[in-house]
Visitor: 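Encoded as structure tokens, here's the structure I'll be asking about.
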Amino acid sequence: MPPPVTAENNKLNRRLGVDAFLTFMRVVMSTFVILGLLMFIGQQIDPDNFVASRINPDATGLTAAQFEGLVISGLSQGAMYGLIALGYSMVYGVLGFINFAHGEVFMVGAMTGMITSNKLDESGAWESNFLLSLLFVLVIAIICSTLTAIIMERVAYRPLRGSPRLIPLITSIGVSFFIQNVSVVLLGPGAKSYPTLPEWLSKKRELLGFVTIEGTRLMVLVVAAISMVALWYLVERTKIGKAMRAVAEDKEIASLMGINVNRTIVTTFAVGGAMAGVAGILWGLLFRSVVHTTGFLPGIKAFSAAVVGGIGNMGGAMAGGITLGSAESVAPLILLEPWGIDGVSQLKDAVAFLVLIFVLLVKPTGLFGERLSTEDRA
Amino acid sequence: MSTEDRGPSMSTAFIEEPSDEELPARRMLDQDWRKVFNYGLLLALVLVFVALTNMPVNLDHRMLIEPIFSMGYLSLFWLPAVFGLVVCREPVLAGMPSHAKGSREVLAGSLVGLIGGAGLSVLTFLLDNFNLRDPLVNWSPQLLELLSFQRDTAFGIAIWLPVGLVLGTFGGLAHLLSATVRRMLSWAFASVIAFAIFETVILDLSEGFAWLGAEWLVEELYFIRGGLTMHGAAVLAVVGGLFAAFGRDRAHRAKERFDALEGTSRTRANAIGLLVVAAALVILPLFLGGITNELLANVGLFVLLALGLNIVVGLAGILDLGYVAFFAIGGYTAGILTTTNRGESWPDWMPQFYWGTALVAVVILAALAGLFIGAPVIRMRGDYLAIVTLGFGEIIRLLFLSDWLGGYTGAAQGVTNIPGVQVFGLATVKGTDPRAVFYLVLFFCAIAIYVSWRLERSRLGRAWMAIREDESVAEAMGINTVNAKLMAFVVGAVLASFSGAILAAKVGSVFPNSFIILVSIVILVVVIVGGMGNIAGVIVGSVVLIGILGGPRQPGLLQEFSEYKLLIYGVLLIWMMLKRPEGLVPNVRRTRELHQDEYLQDAWLRGEIDADSEHTDDSHSNGNTGVLPA
Amino acid sequence: MFTCGINNNPTLEGQTMERTRKLLLLLAALALFAVACGDDDEAATTGDDGDDMAETGNDMAETGNDSEMMDHLGDGSLGTITVEPGAEVQIRSLNALTGDVALFGLPIHRAIEIAVDDYGDIHGFSVSLGQGLDDLCSSDGGQAAAQTIVADEQIAGVVGTSCSGAAVAAAPLISEAGIVMISGGNTSPALTSDLAGTAGENYNEGYYRTAHNDLYQGRAMALFVFNDLGLTTAAAIHDGDPYTQGLAQAFVDAYEEIGGEITGFAGIAKGDTDMVPVLTEIAAASPQALFFPIFQPEGNFIAAQAPGVAGLEDTQLLAADGLLVAGYLALEETEGMYFSGPDSRFGENVNQSTGKSAVDFTSAYESLHGEAPTSPFWGHGYDATAMLLDAIESASYVDGDGNLVIDKAGVREHLDGLTGYNGLIGLINCDAFGDCGSQKVTVIHHLDSNDFEGSTDNVVFEYAPS
């Protein structure tokens, strides 16, 4: 006699195939990572060991200084992803949708920074009074990107609140497209440069006796840390932060409690925009070059970072950013190269997305769990 | 601008018939001054923006009516008129009396136009006196010259005020016209613009129909290179207007009669319609020249892609942003298997395959890729899924581009020397013969349409729609959501891979840069603008967007617009989502999902609170009839 | 099947009909003119013998035996184009106008516009460029655009494409239509030849280019690095663009052939900003030279970040024409770099057809577009246009009715035999596979970020193949 077909039973049966496949993928990916790491360590010890000589004959291993350089570049890139990811994470926490256009807010920050700093450079203020001009550039960039975020919310997202989930998501793709191309048609498609930074900022310096780090990268890390603390303070210790958390938890109840939901949402966008503006300036100072696409891929990676860290979780966003940034920088060389793959740097973006897929497969709530809201968004 | 006006207008898009009773017109000065001012300001901003995008200068040499009117000026002129019209547009509520229109509306229109014109005056002044060319690349003397109508700056500054005023007034005056007159005017205008825009296609057609004397007609209509002649435009306007007055009524009645058909006669009517369209598609290309056939072939490629994505996004509700991956897999598989110049890493004994044989491999690989990409993501929530599929799309492209696999894929140098498709030794379908390519595409589109149509009405199709509406409920109803979603991925993947395989044969080469993220997004825009979940909608979307504006790597009819193509895509996507999320040709069920609140509200306004939902959407649904049996 | 006849054989029936129609029109115009002049005889003849005239006119155009025919090139084997009085000679520009590569394509397109303006009339007929076509830097874009070109039988030639990938798909169509395309930007060897007498796999008749062949540049750089700088290990980085990958590959091949050691060949993705990973990958073997023939902005990041990567402190940085632009040389960190590229000492050069010098060109360009050209290939685009117009001029004549008749075969004949042409880019000689570029590749040493001209004139190595 066949077993009774219950709904539960049925569900179990039909899920088996896909689950087996997913488990298989998890195992394959983990094995790939672990073996790669082991082989990398083997290479470091002896570049001509018997495994490396077979799989990766031109293995050379990395020097400590090279490794340090990789990690620092990964960290500073990751800190910027983290700053952008904060905006994604906050908006996702409060509204429950990915604001694809958040990367463009970041780009607007970098662009306005470029325009202002070049104007200041023309007038000579950039050289004569660097710190003051930097502050000015920062303020302008923050204002512009915050305004962009607010207008975006008002025009494109507010009317869609309450519509099916995919609608605002698709709209945000449209907004992203629009802002990118506004930049193309108004400012031209070419890469634009920031003026040269003063020597004292950009030169390499010794830190704590053993780390050598470029001043600009150090600045990125410091500013990211400061912004992070400020944001933490805002969300956890102020009234508006409390309102944000309440709105994230439940909009209707929050409004019953006398919280102005609209204003809180706008504030969330504004704060996210300001963070993106800061990230834009840091980006500009670090790489000294912006294009209209500056925001697109970093934006997507920042979102991945937010997911990796656990969406809605402030600390997670920053941690996710740093994880992703470092992985992107380090993983091609220590996980892929030992497998004998040529030109691994070309696969940098692929690695970033693989990290995202891997994390979602292994721990779907992200490394640090989701927070801000417990509302089920499945 | 204010969102307050936007709120109600969304629901009113569906109620066209005004109420019988009308309240008397309001007094001229009884204005919502703030609103008028806001609209004016917005108009000024938009006008300045359009001017600074350099659209007027770039489009200036595309003449619409030789020698008086170029597309460049059109890009500015239409705005005040539209704003002048919209400023006094009020929500028309069924059963509720509304005010008659009068001088108040005209005044509002004029004011809005005036403020907008002032914006351009200010811009003209600034252009003359400041140099902001450093950040703004289009801050150029050419723009100044255009804005001042090739005269001196003072003239330019002065002239924009009356121009704006007049255009805005026109917009406002439109309120006073009766529906028929308004329709006649808009048809007259539309036909002139359409004939001017479609010039290349019409010229192309005229050569095919030369034996009908079409060439003579065209000579009359068009100037030698670019633009309608004055008398041509006049004739077109009259014909368009007359058609609106008389022809349209008849068309309307015919449609009503068609809608009234039931049972077998309706099926027959549908079948006849389908046959006529099919026959037209088969015969027409014989009369078309290279440009139009090329355009149609490109549109067809996107129809294939969009039909596939429509299954994934439109039916199953899975937002796949990495759809281009399957396009790439199709293109590369077909390319590598059929090329005469294969990467050096392939074994020597591997034969050069015939395209048809390669297609089998394409289908299998695409289906496997669909499973492989689908499996990890189907359990994810919508937005995670979107970003992960986007990631997969990039990963696939990067793999094709990488030096690592370069021995197989050609890396940056792509796969070249792909021969065309031999059809029974009779002909070779390749890029130099766009007509043959079009037939090939048409053949696959027919398959895709048939498959989509059957699937939509199958058990699987209903399962997809159930999942789209509510996954947990679908699951509870006993639908195997995992399998159904995987099937959506597979079917979508196979359709996209067909398109890729045809692309490889058509272009004769495949490069990684044909498969960027942008392609995924453009396909998504096509599906959304056309109408998610609707086959006819998807086709309309492809024709309108790819045919007229152009695809990511395909020029459209409006080549001049190529710089603004993506900008327009962005605007369209936002606008469609805000105003008409169901698309140009909506799917009845999908529309109902998207506008449930509004339907209920409308029903309530009509006093049909008890009416069942079937009844309420009869009055609005105009879609899903198209050419296909519904 | 009547339609197939018309469409499959456009050169016969279609053209004949077209020509007859145009002649009739022309006759009408002539009649009017004659009436206006009051010359009774003339008017009478034209009016009476309209049909006969049309036929004779036809014959004249086809056989080309008319007594008034000027001396022109071409045997008519590819057909002719007839431009009526008052109409314009049509040529087209097909370049990358949008997207990432617009930086590279736009200057070429604008140079073409300026060249057409400078050139003036051909036998009294003005030249029209029509709407600029966009090759979208891709094969599909190139093909679609080529399709619109060949559909217009009045078009006598194309200047383009910018990207080799687009040319691969466009050239077969243009070639089949019997007209020519001259590119100012393609450098892929596949489009012409391997420089050893073997046609490339994508070579088509009627394809010419003023840009140099990648193989020359790769070899020039390799020789310079190995012989002149005496560096024996080198690495190369490309950005996944067919152009940069091809050039990097050409360099690597040539360098290994002359005995150097390649320690790394890596790629980056367009849009990457953090170059430390790729540089570390390269640095593992500490090459003495690093060649990165890529574009901005990625090139900026490499120059800025390379010195900071352990193992690359003393590596000599080398780049190619993609970065040989004012905006890049103005960066302080690029000082000391070597750049290979076409000989860009355009200063004194004058285009022999238009009489304009490079200086005239740049000032015209800047006043029109408010910026300096963003790539060094404008000279190539300018010369390509002048050459095309020259070719059309020498392959055309004005017939008895005042029509300009262009012999398509003659246009190719002119370009095939072109030697010793003085262009902005230098002396131009076309080889058997359409490589016309001034094949002199130079390497410059960039010393002062405040002096663009000084750096581009500081040529330290010249390579001209024998």
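Given the structure is predicted, the values throughout are model-derived calculations rather than measurements. Naming convention: chains lettered A, B, ... in sequence-line order (proteins, then strands); numbering from 1 in each chain.
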Visitor: Counting only heavy atoms closer than 4.5 Å, note whether R133(B) contacts chain C via side chain, backbone, both or neither.
Guide: side chain

Visitor: Non-hydrogen atoms of chain B under 4.5 Å away: do they reach the side chain of L368(C), the backbone, both or neither?
Guide: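 Both backbone and side chain.
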
Visitor: For L518(B), which atoms come within 4.5 Å of any heavy atom of chain C: side chain, backbone, both, or neither?
Guide: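 Neither the backbone nor the side chain of L518(B) comes within 4.5 Å of chain C.
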
Visitor: Which atoms of E176(C) come close to chain B, meaning under 4.5 Å heavy atom to heavy atom: side chain ones, backbone ones, both, or neither?
Guide: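 For E176(C), the contact with chain B is made by the side chain alone.
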
Visitor: Counting heavy-atom pairs under 4.5 Å to chain C, which of S514(B), G290(B), G551(B), G508(B) comes out on top?
Guide: S514(B)

Visitor: Taking Q147(C), Q249(C), Q245(C) one by one, which has the highest count of heavy-atom pairs under 4.5 Å against chain B?
Guide: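 Between Q147(C), Q249(C), Q245(C), the count favours Q147(C).
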
Visitor: Please determine whether salt bridge (Lys or Arg N to Asp or Glu O under 4.0 Å) holds for the pair R110(C) and E113(C), giving the CA-CA distance in whole Å, both sets of side-chain angles, and the decisive distance to 0.1 Å.
Guide: CA-CA 5 Å; R110(C) 290 167 171 174; E113(C) 288 176 337; 5.8 Å; no

Visitor: Identify which part of P512(B) has an atom lying under 4.5 Å from any heavy atom of chain C, answering side chain, backbone, both or neither.
Guide: neither

Visitor: Measure distances from D140(C) to the heavy atoms of chain B and classify the residue's part below 4.5 Å as side chain, backbone, both or neither.
Guide: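 Answer is both: backbone and side chain atoms of D140(C) are under 4.5 Å from chain B.
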
Visitor: Please determine, among S509(B), G406(B), G414(B), the option with the most heavy-atom pairs under 4.5 Å with chain C.
Guide: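 Winner by heavy-atom pair count: S509(B).
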
Visitor: With the side chain counted from C-beta on, respond yes when E563(B) and L97(C) share a heavy-atom pair under 4.5 Å apart, and no when they do not.
Guide: no

Visitor: With only heavy atoms counted, which part of Q131(C) is less than 4.5 Å from chain B, the side chain, the backbone, both or neither?
Guide: side chain

Visitor: Counting heavy-atom pairs closer than 4.5 Å to chain C, which one of R553(B), K506(B), Q142(B) comes out on top?
Guide: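 The answer is R553(B).
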
Visitor: Within the structure provided, determine whether F561(B) and L59(B) are in side-chain contact (heavy-atom separation under 4.5 Å).
Guide: yes

Visitor: Which atoms of K565(B) come close to chain C, meaning under 4.5 Å heavy atom to heavy atom: side chain ones, backbone ones, both, or neither?
Guide: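 Contact with chain C: side chain only.
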
Visitor: Could you tell me which of A145(C), G142(C), S138(C), A169(C) has the largest number of non-hydrogen atom pairs under 4.5 Å with chain B?
Guide: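 The option with the most such pairs is S138(C).
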
Visitor: Quick one: are C163(C) and D135(C) in side-chain contact, heavy atoms under 4.5 Å?
Guide: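 Yes, their side chains come closer than 4.5 Å.
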
Visitor: Among D433(B), D403(B), T340(B), which residue forms the greatest number of heavy-atom pairs with chain C at distances under 4.5 Å?
Guide: D403(B)

Visitor: Please look at S140(B) and chain C and tell me whether the side chain, the backbone, both or neither of the residue comes under 4.5 angstrom of a heavy atom of that chain.
Guide: neither

Visitor: Mind checking whether K430(B) and P172(C) have side chains closer than 4.5 Å, heavy atoms only?
Guide: no

Visitor: Within the structure provided, determine whether N186(C) and T161(C) are in side-chain contact (heavy-atom separation under 4.5 Å).
Guide: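 In contact.
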
Visitor: Evaluate N341(B) against E201(C) for side-chain hydrogen bond (donor to acceptor under 3.5 Å, both in side chains), listing each step before the verdict.
Guide: CA-CA 8 Å; N341(B) 180 24; E201(C) 60 221 17; 2.9 Å; yes

Visitor: Under a 4.5 Å heavy-atom cut-off, does chain B meet the side chain of S367(C), its backbone, both or neither?
Guide: backbone

Visitor: Could you label the plane-to-plane angle of the F295(C) and Y243(C) rings as parallel, tilted or perpendicular, counting under 30° as parallel and over 60° as perpendicular?
Guide: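 Aromatic pair F295(C)/Y243(C) classed tilted.
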
Visitor: Does NZ in K270(C) sit with more than 12 non-hydrogen atoms of other residues, nucleotides or ligands closer than 6.0 Å?
Guide: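 Result for NZ/K270(C): enclosed.
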
Visitor: Any heavy-atom pair between the side chains of L399(B) and W404(B) that's under 4.5 Å?
Guide: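 In short, these two side chains touch, coming nearer than 4.5 Å.
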
